[in-house]
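Reviewing the structure listed below.
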Amino acid sequence: MIRNGLNKCLQNKLFNNKLFYSSQAKPSRDSSYAIINNDDIEHFKTILDTHSILTDPSDIDGFNQDWMRKYKGNSNLVLKPKTTDQVSKILKYCNDKKIAVVPQGGNTGMVGGSVPVHDEIILSLSNMNKIEKFDPVTGVVVCQAGTVLETIENYLTPMGYTVPLDLGAKGSCQIGGNVSTNAGGIRLLRYGSLHGNVLGVEAVLADGTILDCLSTLRKDNTGYDLKQLFIGSEGTLGIVTKVSMITPPKPTSVNVGLFACQDFNQVKTVLSRAKSQLGDILSAFEFMDRPCIDLVLKHQQVQDPFQEKSPFYILLETSGFNETHDSEKLNNFLESIMAENLIIDGSLATDSKNISAFWKFRESITESLGKEGAVYKYDLSLPIEQFYSIVELMRAKFDDKANVVGFGHVGDGNLHLNISTPKKPYSKEIFDMIEPFVYEYTSEHRGSISAEHGVGLMKPDFLHYSKSNNSINLMKSIKNTMDPNNILNPYKVLPTK
Ligand code: FAD
Ligand code: 2HG
Ligand code: ZN
């Protein structure tokens with residue numbers, strides 16, 4: 001049961017102990033939000049069955065804490081609707097009462113967007129997990145927002161289709177969360193972003209209005225493309241309840257190469273050669289530096305595929321439909337990059353077991369970092385010329401005080417800079433060594449301070465490094481129009497000042 005007295009006391013405790021999720025302190029609770037009481041719970045019981053209302057702290061704990069165990073909220077209530085109509089009724093009530101709400105998908109986000117900052121209600125989409133329609137001719141799939149990404153992939157595979165999005169969190173993240181963060185991942189290079197692949201969205205607005213933009217059309221130029229507002233707005237403009245998405249045919253011939261390079265210039269040159277020589281069969285081009293490999297070897301049950309250590313590694317994937325044609329193209333490419341001494345070592349995987357083993361090196365970096373202690377994550381878009389220098393600059397700054405690693409979707413210009421220290425909690429001193437330096441560097445080179453993870457709670461105060469004042473003001477006015485009471489995911493994305 002909700003106890004108002006306890007709630008207040010916990011809030012006061014949080015106010016007094018300043019928590020740092022970046023070099024900026026956690027924002028204070030906005031006292032204009034209502035504190036939920038038993039009447040509210042009774043009202044929610046008229047909308048949802050009792051199993052879909054969680055009030056026991058031990059049931060709620062996992063929803064309050066993010067995947068990295070960096071962000072922790074203090075919600076007393078989780079609601080798990082099963083239908084769009086239920087979401088609509090919940091939001092209408094919350095809007096009328098000015099109760100703040102945080103939408104939550106698989107809770108795998110990396111910027112603190114999916115957990116409450118204070119006592120916001122958690123609206124979990126995980127009970128809305130049905131795949132509603134699939135058209136085997138067009139490849140368009142329609143599903144509820146809480147469907148887990150991997151479930152969609154497993155559903156499509158026997159029909160010869162694949163999801164145009166793939167990421168390490170596929171077993172937990174939900175399509176609604178992917179859309180809301182505009183997740184990038186390892187297939188963006190081949191299939192493009194969700195802004196292109198999502199054909200339609202059904203969303204519930206803050207006042208409970210159900211917005212049906214669930215088109216399944218490839219082409220529709222009838223005015224403003226409203227669905228785009230929900231792609232990447234991190235639950236601040238509405239709750240995504242359904243998604244329609246174009247899915248491509250699943251490639252039948254896949255090869256994965258893991259190559260070692262002596263310096264980052266080689267990585268750059270191999271990328272440009274891969275684009276021109278492999279063309280349409282190039283489906284992933286990822287890179288990781290040696291400290292990443294060391295971390296994976298330390299924390300996972302894997303063996304180093306290389307005899308000698310090299311500073312950089314490339315994971316390159318080709319996917320197509322004609323094995324002979326693909327192998328020939330790949331072999332020609334490999335011969336030419338070896339002849340030019342662009343790689344110093346490497347091996348190729350063509351069967352699914354070895355392919356998965358190679359991908360494990362790339363996909364388990366995040367999990368391995370998490371086992372180290374406190375991890376300071378930066379997800380940057382940078383021009384290729386300045387791409388790796390920021391890792392070197394940070395390494396020089398930290399010396400042996402922290403482990404600085406760089407990896408990511410180099411084919412898309414997206415660097416994951418991670419700095420880890422053996423001990424939690426997160427330290428203001430370490431944040432101050434990184435921020436705003438990393439953001440200034442990124443801005444100076446006209447990069448983005450969030451390539452794919454979003455802004456969440458981590459970066460609202462730094463948004464100006466990537467967005468002009470006029471853009472931020474327009475974003476604020478869109479937010480104000482769509483959510484005038486600011487009940488949806490408060491404290492996130494937009495700067496308060
Ligand atoms: P959550 O974490 O639950 O939520 C994320 C945000 O979306 C929050 O602001 C939340 O409020 C909002 N939200 C969630 N569902 C809805 C909804 N239905 N309606 C409105 N708002 C909603 N990201 C990448 O881009 N590329 C990667 O390669 C990648 N790899 C990852 C690997 C690992 C191991 C992990 C843990 C994370 C990775 N991520 C990656 C982070 C990525 O953002 C998420 O994995 C994913 O897109 C979020 O989906 P989710 O369902 O977990 O959303
Ligand atoms: C990835 O590409 C994810 O693996 C996570 O986006 C990146 O841990 C990170 O920094
Ligand atoms: Zn990534």
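Predicted model only: the values in this text are computed from it and were never measured. Atoms within a ligand are numbered from 1 in the order they appear, just like the ligands themselves.
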Relative to ligand 1, is Glu367 under 4.0 angstrom through side chain, backbone, both or neither, heavy atoms considered? neither
Please could you name the atoms of ligand 1 that Leu167 approaches to less than 4.0 Å, counting only its heavy atoms? 23 (N), 27 (C), 28 (O), 29 (C), 30 (N), 39 (N), 40 (C), 45 (O)
Taking both backbone and side-chain atoms of Gln104, is any N or O found less than 3.5 Å from an N or O belonging to ligand 1? no
Which protein non-hydrogen atom lies closest to atom 6 (O) of ligand 2, naming both residue and atom, and how far is it? His453 NE2, 2.7 Å
Find all atoms of ligand 2 within a distance of less than 4.0 Å from any non-hydrogen atom belonging to Glu452, and give their numbers and elements. 2 (O), 6 (O)
Which pair of heavy atoms, one from Tyr388 and one from Gly406, lies closest together, and at what distance? CE1-CA, 4.4 Å
Ligand 2 to His409, heavy atom cutoff 4.0 Å, flagged ligand atoms 2 (O)
What is the nearest protein non-hydrogen atom to atom 2 (O) of ligand 2, stated with its residue, atom name and distance? Arg362 NH2, 2.7 Å
Please confirm whether the backbone N or O of Val404 pairs with a side-chain atom of Arg395, one donor and one acceptor, at under 3.5 Å? yes
Residue and atom name of the nearest protein heavy atom (relative to atom 10 (O) of ligand 2), distance in Å to one decimal: Asn418 ND2, 3.0 Å
With atoms numbered from 1 as shown, which atoms in ligand 2 lie under 4.0 angstrom from a non-hydrogen atom of Lys377? 8 (O), 9 (C), 10 (O)
Where does Thr181 meet ligand 1, judged by heavy-atom distances below 4.0 Å: at the side chain, the backbone, both, or neither? side chain
Donor-acceptor pair, Thr147 side chain versus Cys143 backbone, under 3.5 Å? no
Shortest non-hydrogen separation from Ile121 to Cys94 and the atoms involved: CD1-SG, 4.0 Å
Check each atom of ligand 1 against the heavy atoms of Asn489 and keep those under 4.0 Å away; list them by number with element. 9 (O), 11 (O)
Tightest non-hydrogen contact, residues Ser233 and Thr236, listed as O-OG1, 2.7 Å
Just say parallel, tilted or perpendicular for the rings of Phe387 and Phe287, cut-offs at 30° and 60°. perpendicular
So, 4.0 Å and heavy atoms of Gly456: is ligand 1 close enough to count as a contact? no
With atoms numbered from 1 as shown, which atoms in ligand 2 lie under 4.0 angstrom from a non-hydrogen atom of His416? 1 (C), 2 (O), 3 (C), 6 (O), 7 (C), 10 (O)
Within a distance under 4.0 Å of any heavy atom of Gly184, pick out the atoms of ligand 1 and give their elements. 24 (C), 25 (O), 26 (N)
Among the heavy atoms of His409, does any lie under 4.0 Å from an atom of ligand 1? yes
Quick one: does Gly454 get within less than 4.0 Å of ligand 1, heavy atoms only? no
Do any nitrogen or oxygen atoms of Met110 come within less than 3.5 Å of a nitrogen or oxygen of ligand 1? no
Answer yes or no: is there a donor N or O on one side and an acceptor on the other, between the side chain of Ser88 and the main chain of Gly208, under 3.5 Å? yes
For Lys133, I'd like to know if atom NZ has over 12 heavy atoms of other residues, nucleotides or ligands within 6.0 Å. no
Looking only at protein heavy atoms, identify the closest one to atom 46 (C) of ligand 1 and say how far it is in Å. Asn178 ND2, 3.5 Å
Nearest non-hydrogen atom to atom 36 (C) of ligand 1 belongs to which of Phe63, Phe230, Trp67? Trp67
Among protein heavy atoms, which lies nearest atom 5 (C) of ligand 2, and at what distance? Thr366 OG1, 3.3 Å
In Å and rounded to the nearest 0.5 Å, what is the CD1 to CE distance from Ile293 to Met288? 4.5 Å
Would you say ligand 1 has an N or O under 3.5 Å from any N or O of Cys173? no
Region of Leu125 that comes within reach of ligand 1 [heavy atoms, distance under 4.0 Å]: side chain
Which is it for Ile186 and ligand 1 at heavy atoms under 4.0 Å: side chain, backbone, both or neither? neither
Sub-3.5 Å N/O-N/O distance, Ala169 and ligand 1: no
Within the structure, does Asn107 bring an N/O atom to less than 3.5 angstrom of an N/O atom in ligand 1? yes
Which of the ligand 2 atoms, numbered from 1, are nearer than 4.0 Å to a heavy atom of Phe407: 4 (O), 7 (C), 8 (O), 9 (C), 10 (O)
To the nearest 10 degrees, calculate the angle at the Zn ion (ligand 3) involving NE2 of His416 and NE2 of His409. 100°
Can you tell me the protein heavy atom closest to atom 45 (O) of ligand 1 and the distance? Thr108 OG1, 2.6 Å
Evaluate Ala145 for polar contact with ligand 1, using N/O atom pairs at a separation under 3.5 Å. no
When you measure from atom 28 (O) of ligand 1 to every protein heavy atom, which one gives the shortest distance, and what is it? Gly185 CA, 3.3 Å
Distance in Å, His51 NE2 paired with Lys80 NZ, rounded so as to fall on 0.5 Å steps: 11.5 Å
Candidate with minimal heavy-atom separation from atom 2 (O) of ligand 1, of Gly113, Gly109, Gly171, Gly106: Gly109
Hey, is there an N, O or S on Glu452 sitting under 2.8 Å from the Zn ion (ligand 3)? yes
Considering distance alone, does some N or O of Val102 sit under 3.5 Å from an N or O of ligand 1? no
For atom 21 (N) of ligand 1, what's the nearest protein heavy atom and its distance? Ser180 OG, 3.1 Å
Going by heavy atoms in the side chains, are Thr181 and Glu452 under 4.5 Å from each other? no
Can you tell me if Asp49 uses its side chain to pair, donor with acceptor, with the backbone of Ser52 under 3.5 Å? yes
Under 4.0 Å, heavy atoms only, figure out whether ligand 1 is touched by the backbone of Glu363, its side chain, both or neither. neither
From Arg362 CZ over to Ile314 CD1, what is the distance, rounded to the nearest 0.5 angstrom? 13.5 Å
Any non-hydrogen side-chain atom of Glu286 less than 4.5 Å from a side-chain atom of Phe407? no
